[in-house]
2 protein chains.
Amino acid sequence: MKHTGTGDAPATAAVLVIGDEILSGRTQDVNTRYIANYLAEIGVDLREARVVPDEEAEIVAAVNALRTRYTYLFTTGGIGPTHDDITADAVAKAFGVEIGEDSRAIALLRERFTEEELNPARRRMARIPSGAELVRNAASKAPGFWIGNVIVMAGVPSIMQSMMDTVGPQLKGGARVLVETIEAGAIPEGSYAMGLEDIARAHEAVSIGSYPKFTSRGFDNQIVLRSRDAARLGAAAKAVRALLAKLAAA
Amino acid sequence: MKHTGTGDAPATAAVLVIGDEILSGRTQDVNTRYIANYLAEIGVDLREARVVPDEEAEIVAAVNALRTRYTYLFTTGGIGPTHDDITADAVAKAFGVEIGEDSRAIALLRERFTEEELNPARRRMARIPSGAELVRNAASKAPGFWIGNVIVMAGVPSIMQSMMDTVGPQLKGGARVLVETIEAGAIPEGSYAMGLEDIARAHEAVSIGSYPKFTSRGFDNQIVLRSRDAARLGAAAKAVRALLAKLAAA
């Protein structure tokens, strides 16, 4: 069930955030960025993120669209004990496999709950699709799971992060993307855009982005260069620094 | 080019965030939540959000998938003066229309820039697909645009928010979703989940979600009820409060 990111094509990934609370504006999603940074560290390219509501058909469609397209799919949300937690059943449906109470998951829950506490709602957290491996977490006992190339995690950030730590060492990443951030400061984007485009064209192995920010004191812009090739990254960064120095002196 | 959300089916919407900086983990997206809250206020249901990289084929595919499915599609990012700003061209391609320098947009840019400052890079911000209406913003002069049911906005939050204020009054919303948030506090989800499921089944016009949070003092859970029907919302909320009172007394 593991995929390799070595060789020519880097491993890719998508994030699927499952939860009405994100789409209603109640909750600020912070899991996507956490996963993005985690994957960047191990050389997996996050290529897409989606947010869908707590509706089975929507989850099934998104899981199938994303798992067939990327090396890994990470989902967050919808694996708790309440009626709106339908991710495990939806993922089982997406894979066309059975789902039932998993004895390994029940054993984990028993480490935390007494027999009396382990009511039908809490046992719901032990519903795991057939063929999945459990993903333990240190923060709570309720496990996520890993089926095919899909890693199903909790929505609560601290629990999700613990699950990423569990699966992280098993992910097949690759060469890390190296990043160089250059402060353009108050030089407006419109002033360096043409020079930057020339540099981007001349350094095709380097991805160059320009990110404006407005502060109370005016522009505060950053140029971010990204590449898996250190030498090429360095050459492009040198060209960008020379461009900005010329503009600052003008 | 406007759609009505009145009648039986509420207006729906998707958000498409365009930008490598979100997928690399550099930047925390805050625009989706802002738009979600804005739309909730006017009774438009945000049904999906996606993040795609600064790549034309990805943007075109996502724009077409989302604009055909929802009443409105709001995009953020990729309309600045630098080479990585390719949203306008991608949206034109998605609609199969021409794109060129828009004289109305040039006129807006001239309010801010001198002829000398209005270089080819800044003129790039006046590239608008044929048939689109401009979306002005108070924060900068560079416009977004509205074509068909797609509203194209900046990625910088302050500029995006100004654009939402421009288009907001023209959006056809409907009855607002009413929200009741009930503090379950330290009562664990697993203790109220079964009772909550019964309530959810008995109140089908009300969407009920349970949102656990872990603090240094333990659980701090919230139950959120949402409905367009005030009486039904009130009845469901009363049932939830009674459930929690019973559990707290037990």
Side-chain angles (χ1 to χ4, degrees), chain A residues 17 19-30 32-34 36-40 46-54 58 80-84 113 117 119-122 124-125 139 156 158-159 177 179 189-194 196-197 200-201 207-214 224 226, chain B residues 17 19-30 32-34 36-40 46-54 58 80-84 113 117 119-122 124-125 139 156 158-159 177 179 189-194 196-197 200-201 207-214 224 226:
Chain A
V17 175
D20 291 349
E21 71 276 22
I22 308 295
L23 294 171
S24 72
R26 174 190 179 275
T27 303
Q28 168 68 53
D29 166 56
V30 293
T32 300
R33 188 187 191 192
Y34 183 90
N37 281 315
Y38 197 105
L39 295 178
L46 180 60
R47 297 278 304 159
E48 183 170 352
R50 294 192 192 181
V51 187
V52 296
D54 297 315
E58 297 297 320
T82 54
H83 65 282
D84 54 331
F113 298 109
E117 287 170 336
N119 60 22
R122 291 197 173 99
R124 187 181 169 83
M125 294 191 286
V156 175
S158 59
I159 300 179
V177 172
V179 181
E189 278 195 299
S191 300
Y192 61 69
M194 290 183 292
L196 196 64
E197 180 164 18
R201 281 205 184 128
S207 157
I208 304 180
S210 171
Y211 303 110
K213 198 168 67 182
F214 295 114
V224 177
R226 301 164 50 81
Chain B
V17 175
D20 291 349
E21 71 276 22
I22 308 296
L23 294 169
S24 73
R26 174 190 179 274
T27 303
Q28 169 67 53
D29 166 55
V30 293
T32 300
R33 188 186 189 193
Y34 183 90
N37 281 315
Y38 197 105
L39 295 177
L46 180 61
R47 296 278 305 159
E48 182 171 352
R50 294 193 191 180
V51 187
V52 295
D54 298 314
E58 297 297 321
T82 56
H83 65 282
D84 54 331
F113 298 109
E117 286 170 337
N119 61 24
R122 291 197 174 99
R124 187 183 170 84
M125 293 191 286
V156 174
S158 58
I159 300 180
V177 173
V179 181
E189 278 195 300
S191 299
Y192 62 69
M194 289 184 292
L196 196 65
E197 180 163 19
R201 283 205 184 126
S207 158
I208 305 181
S210 170
Y211 303 110
K213 198 167 69 182
F214 295 113
V224 178
R226 301 163 51 79

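A quick note: this is a predicted structure, and the numbers were derived from the prediction, not measured. What's counted below: heavy atoms across the whole structure, side chains too, no hydrogens, waters or symmetry copies. Chain letters run A, B, ... following the sequence lines, proteins first, then strands; residues in each count from 1.
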Do the non-hydrogen side-chain atoms of [X] and [Y] ever get within less than 4.5 Å of each other?
X	Y	answer
A:Ile208	B:His83	yes
B:Glu48	A:Val51	no
A:Thr82	B:Tyr211	no

Can you say whether [X] sits under 4.5 Å from chain A via the side chain, the backbone, both, or neither, judging by heavy atoms?
X	result
B:Arg26	both
B:Tyr192	side chain
B:Ser158	side chain
B:Val17	neither

Q: Give the intermediate values and the outcome of side chain to side chain contact (heavy atoms under 4.5 Å, CB included) for residues A:Gln28 and B:Val30.
A: CA-CA 7 Å; A:Gln28 168 68 53; B:Val30 293; 4.0 Å; yes
Q) Under the side chain to side chain contact (heavy atoms under 4.5 Å, CB included) criterion, do A:Met194 and B:Asn119 qualify, and how do the steps go? A) CA-CA 9 Å; A:Met194 290 183 292; B:Asn119 61 24; 3.6 Å; yes
Can you tell me how far the [atom1] atom of [X] sits from the [atom2] atom of [Y], to the nearest 0.5 Å?
X	Y	atom1	atom2	value
B:Glu189	A:Arg124	CD	CZ	11.0 Å
A:Arg47	B:Glu58	CZ	CD	5.0 Å
B:Leu23	A:Leu39	CG	CG	10.5 Å

Q) Do the side-chain N and O atoms of B:Thr27 and A:Arg33 include a donor-acceptor pair separated by under 3.5 angstrom? A) no
Q.
Donor-acceptor pair, distance only, cut-off 3.5 Å: does the side chain of A:Asp84 make one with the backbone of B:Ser210?
A. yes
Q | side chain to side chain contact (heavy atoms under 4.5 Å, CB included) evaluation trace for B:Leu46 with A:Ser24 | A | CA-CA 7 Å; B:Leu46 180 61; A:Ser24 72; over 6 Å; no
(Q) Looking at every non-hydrogen atom in both residues, tell me the closest pair between B:Gly190 and A:Pro81 and how far apart they are. (A) N-CG, 3.9 Å
If we define contacts as heavy-atom pairs under 4.5 Å, which of [options] has the most with chain A?
options	answer
B:Val52, B:Val177, B:Val156	B:Val156
B:Tyr38, B:Phe113, B:Phe214	B:Phe214
B:Ser207, B:Ala193, B:Pro212	B:Ala193

Q) Should B:Ser191 and A:Arg122 be marked as a side chain to side chain contact (heavy atoms under 4.5 Å, CB included) after you check the CA-CA gap, both sets of side-chain angles, and the distance that decides it? A) CA-CA 8 Å; B:Ser191 299; A:Arg122 291 197 173 99; 3.2 Å; yes
Q) Which residue out of A:Ala40, A:Ala139, A:Pro120 racks up the most heavy-atom pairs below 4.5 Å with chain B? A) A:Pro120
Q: Mind ranking A:Val179, A:Ile22, A:Leu196 by heavy-atom pairs under 4.5 Å with chain B and telling me who comes out on top?
A: A:Leu196
